[in-house]
Asker: 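My questions will all concern the structure given below.
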Number of protein chains: 2
Amino acid sequence: MYADISTAVAPKLETAGLAMCRGLAHQATSRIMAVSAMQKYQPGECLFSEGDDADGIYEITGGMLRLYKLLPDGRRQITGFLGAGQVLGLAPEGTHIYTAEAIAPVTVCRYARAALDRLLDDVPGLARRLLSVTSHELRAAQDQMLLLGRKAAGEKVASFLLLMARHQGDGADGIFIPMARGDIADYLGLTTETVSRTFTKLKLAGVIALPTPNHVDIPDRRRLEDAANGTDG
Amino acid sequence: MYADISTAVAPKLETAGLAMCRGLAHQATSRIMAVSAMQKYQPGECLFSEGDDADGIYEITGGMLRLYKLLPDGRRQITGFLGAGQVLGLAPEGTHIYTAEAIAPVTVCRYARAALDRLLDDVPGLARRLLSVTSHELRAAQDQMLLLGRKAAGEKVASFLLLMARHQGDGADGIFIPMARGDIADYLGLTTETVSRTFTKLKLAGVIALPTPNHVDIPDRRRLEDAANGTDG
DNA sequence: CGCAAACTTGATGTTGCTCAAGCTAGGTGG
DNA sequence: CCACCTAGCTTGAGCAACATCAAGTTTGCG
């Protein structure tokens, strides 16, 4: 009845090519591809961990993964969920500052860091491309700080659902939630129980429908947006 | 008895020059300086606001400012405090995503965005320099997400004090706090009252001393670090 | 000296966490 | 094909941390 995870979370890889090379000349593209390799990861597998040497940069071509940081006692903060077309692993100090782990089966294109670094001075537009990637990550991080520091549970969950909807192309009412409640909780700074209760409240209020725990229908986008900003009752 | 704000928060501008040009050739430096201008802002004045066209990039040469985002109902999240040597205003979509406002009297060097953008393809190393700036911001943002989402009030305040200490050169025990309790609260996702009470608790526990509300002494750095990670009792 | 802004402290309230128990669906083996 | 088992989700009851509301107190400035 519903699409399974592997098809649902890898919706639309641009047939034209990889995001890393978007807007670059053909010759630049082929030089970049020369230092790349495709890899696959199963759910639960790590691409790299916090503290590892950052010797690779990755672009996701399919699937979904979570990025997170841990405190010494095991508390976890998920800093982002990444899907097809997104780039990760650009570490400033040569060391990864978060762990990257597959949620759904992931395929990535891996670029050797040292080689890419050498191309940086050489390939026109590449640095600008990477700057754009990092700036977008930064923008997302700042939105998330506002959410974590100042939004109430209901607003957090509503914001999360809107993010997922936007991420899945905004077209249909129905969105697929590939991650577990515990992952959502660690992303929003809540507990599993609070996330679950908040889903139930939104359902009872008629703002969303939950045909299965992993599928959310949004009959009225506007009401969800109000819930996300506290602009509702 | 204590240094006033203007001297205390502008400790050590590299005499050699501006951070923007760090590591660049002399000729590159002069081309960058050609598109720059010095400006001053008094406490409370805005360099730019969330949503404004991003037509300038700024480097702080002295003073301190706060960056923040607002929710429609006025709740505020401060995403960072910036001091001498830090760069801001690199907006991905041509629109600023936060407001930048002076806390202490600020002097900045402003680079016209369009001009700097043109230099990007032209001046070797400049793109790399900006990439490094953005990557550091991103790293700070991710640390802050962990703090906002998963740390308790005591851990948040202790982390903040360590950040301030690091920022001020780590040398002496005494650090100067140029911002108000309300600013600290909006940075840590707390209220003014909770910040104040938490200072008092740390003082009573002997972890810090508070000779004035704006001066903190840290007799034992290690204990404060434990408090910041929840590694203490 | 008086005022305003910022800080501190206290009393009370609410949100979301903790602990604990059922529920549901998917997968496995008889 | 069905019973069982497990992992993840949901629900409930009680509680703790932090917010809110409301005074005081201190500090710097005109």
Side-chain angles (χ1 to χ4, degrees), chain A residues 1-6 43-44 66 71 73-77 103-104 147-158 160 176-204 208-216 227 230, chain B residues 1-6 42-44 66 71 73-77 103-104 147-158 176-204 208-216 227 230:
Chain A
M1 177 170 183
Y2 289 101
D4 76 2
I5 290 181
S6 53
R66 60 180 166 236
L71 285 173
D73 63 359
R75 280 173 289 174
R76 182 178 69 157
Q77 179 65 42
I103 293 179
L147 178 147
L148 289 169
R150 287 298 176 221
K151 288 190 179 181
E155 298 167 337
K156 287 179 176 181
V157 171
F160 169 75
F176 175 70
I177 309 290
M179 66 290 288
R181 294 290 185 269
D183 286 338
I184 301 174
D186 282 351
Y187 179 59
L188 299 177
L190 299 170
T191 59
T192 304
E193 295 92 329
T194 299
V195 171
S196 183
R197 275 186 253 270
T198 308
F199 270 105
T200 304
K201 263 181 217 160
L202 287 172
K203 187 177 67 179
L204 293 177
I208 61 169
L210 275 173
T212 83
N214 292 323
H215 289 86
V216 177
Chain B
M1 177 171 183
Y2 289 102
D4 76 2
I5 289 182
S6 54
Q42 290 310 306
R66 61 180 165 235
L71 286 172
D73 63 359
R75 279 173 289 173
R76 181 178 70 158
Q77 178 64 41
I103 294 179
L147 177 145
L148 290 169
R150 287 296 177 224
K151 288 190 178 180
E155 298 166 335
K156 287 179 176 181
V157 171
F176 175 70
I177 309 289
M179 66 289 289
R181 295 288 186 270
D183 286 338
I184 301 175
D186 282 350
Y187 180 59
L188 299 177
L190 298 170
T191 59
T192 303
E193 294 92 328
T194 299
V195 170
S196 182
R197 275 187 252 270
T198 307
F199 271 108
T200 304
K201 263 183 218 158
L202 287 172
K203 186 177 68 177
L204 293 177
I208 62 168
L210 273 173
T212 85
N214 292 322
H215 290 86
V216 177

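Bear in mind the structure is a predicted one, so any value in this text is a computation, not a measurement. All chains are named by letter (A, B, ...) in the order of the sequence lines, taking the proteins before the strands, and each is independently numbered beginning at 1.
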Asker: Using side-chain heavy atoms (C-beta onward) and a distance below 4.5 Å, is A:L210 in contact with A:H215?
Answerer: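 Not touching, per the 4.5 Å side-chain cut-off.
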
Asker: Heavy atoms of chain A, cut-off under 4.0 Å: which first and last nucleotide of DNA chain C, 5' to 3', fall inside that, if you could look?
Answerer: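 So the contact region on DNA chain C extends C:dG16 to C:dC19.
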
Asker: Take the C1' atoms of the five end pairs on each side of the helix from C:dC1-D:dG30 to C:dG30-D:dC1, derive the two axes, and give their angle rounded to 10 degrees.
Answerer: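 Terminal axis comparison yields 30°.
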
Asker: With a 4.5 Å limit on heavy-atom distance, are the side chains of B:F199 and B:V216 in contact?
Answerer: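 In contact.
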
Asker: Could you go through the side-chain contact (heavy atoms from CB on, under 4.5 Å) check for B:K156 and B:V195 one step at a time?
Answerer: CA-CA 9 Å; B:K156 287 179 176 181; B:V195 170; over 6 Å; no

Asker: Which residues pass the side chain to side chain donor-acceptor pair (under 3.5 Å) test with A:R66, sequence neighbours left out?
Answerer: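 With neighbours one apart ignored, the set is A:E101, A:D183.
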
Asker: What parts of residues 186-201 of chain A reach DNA chain D, counting only heavy atoms under 4.0 Å away?
Answerer: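 Close to the strand are A:E193, A:S196, A:R197, A:T200.
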
Asker: Is a side-chain donor or acceptor of A:R150 paired with a backbone partner of B:R76 at a separation under 3.5 angstrom?
Answerer: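 Yes; at least one donor-acceptor contact below 3.5 Å.
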
Asker: If a pair satisfies salt bridge (Lys or Arg N to Asp or Glu O under 4.0 Å) and one of its residues is in residues 194-204 of chain A, list it, with sequence neighbours excluded.
Answerer: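 Every candidate salt bridge (Lys or Arg N to Asp or Glu O under 4.0 Å) pair involving residues 194-204 of chain A fails, so no pair, neighbours aside, qualifies.
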
Asker: What residues form a salt bridge (charged side-chain N to carboxylate O under 4.0 Å, His left out) with A:E155, not counting sequence neighbours?
Answerer: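 Scan of A:E155 (salt bridge (charged side-chain N to carboxylate O under 4.0 Å, His left out), adjacent residues dropped) gives B:R75.
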
Asker: How many whole angstroms separate atom CG of A:L202 from atom C1' of D:dT10?
Answerer: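 That distance rounds to 15 Å.
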
Asker: Ignoring hydrogens and angles, tell me if any N or O in the side chain of A:Q77 forms a donor-acceptor pair with the backbone of A:Y187 under 3.5 Å.
Answerer: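 Checking the backbone N and O of A:Y187 against the side chain of A:Q77, a donor-acceptor pair under 3.5 Å is found.
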
Asker: Rounding to an integer number of Å, can you tell me how far B:K151 NZ sits from D:dC18 P?
Answerer: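 It works out to 14 Å between those atoms.
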
Asker: Kindly determine whether A:N214 and A:M179 satisfy side-chain contact (heavy atoms from CB on, under 4.5 Å), including the steps that lead there.
Answerer: CA-CA 8 Å; A:N214 292 323; A:M179 66 290 288; over 6 Å; no

Asker: Starting from the C-alpha separation in whole Å, work towards a yes-or-no answer on side-chain contact (heavy atoms from CB on, under 4.5 Å) for B:I184 and B:I177.
Answerer: CA-CA 10 Å; B:I184 301 175; B:I177 309 289; 3.9 Å; yes

Asker: Determine the minimum heavy-atom distance between A:P43 and A:I103, stating which atoms define it.
Answerer: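 Scanning both residues, the minimum pair turns out to be CB-O, 3.0 Å.
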
Asker: Please name the pair of heavy atoms, one in B:A153 and one in B:T198, separated by the smallest distance, quoted to 0.1 Å.
Answerer: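 Distance-wise, the nearest heavy atoms are O-CG2, 4.1 Å.
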
Asker: Can you give one letter per nucleotide of nucleotides 25-30 of chain D, 5' to 3': B if a protein heavy atom sits under 4.0 Å from the base, S if only from the sugar-phosphate, - if neither?
Answerer: ------

Asker: What pairs with B:T194 under side chain to side chain donor-acceptor pair (under 3.5 Å), at least two apart in sequence or on another chain?
Answerer: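 Here the qualifying residues are B:T191.
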
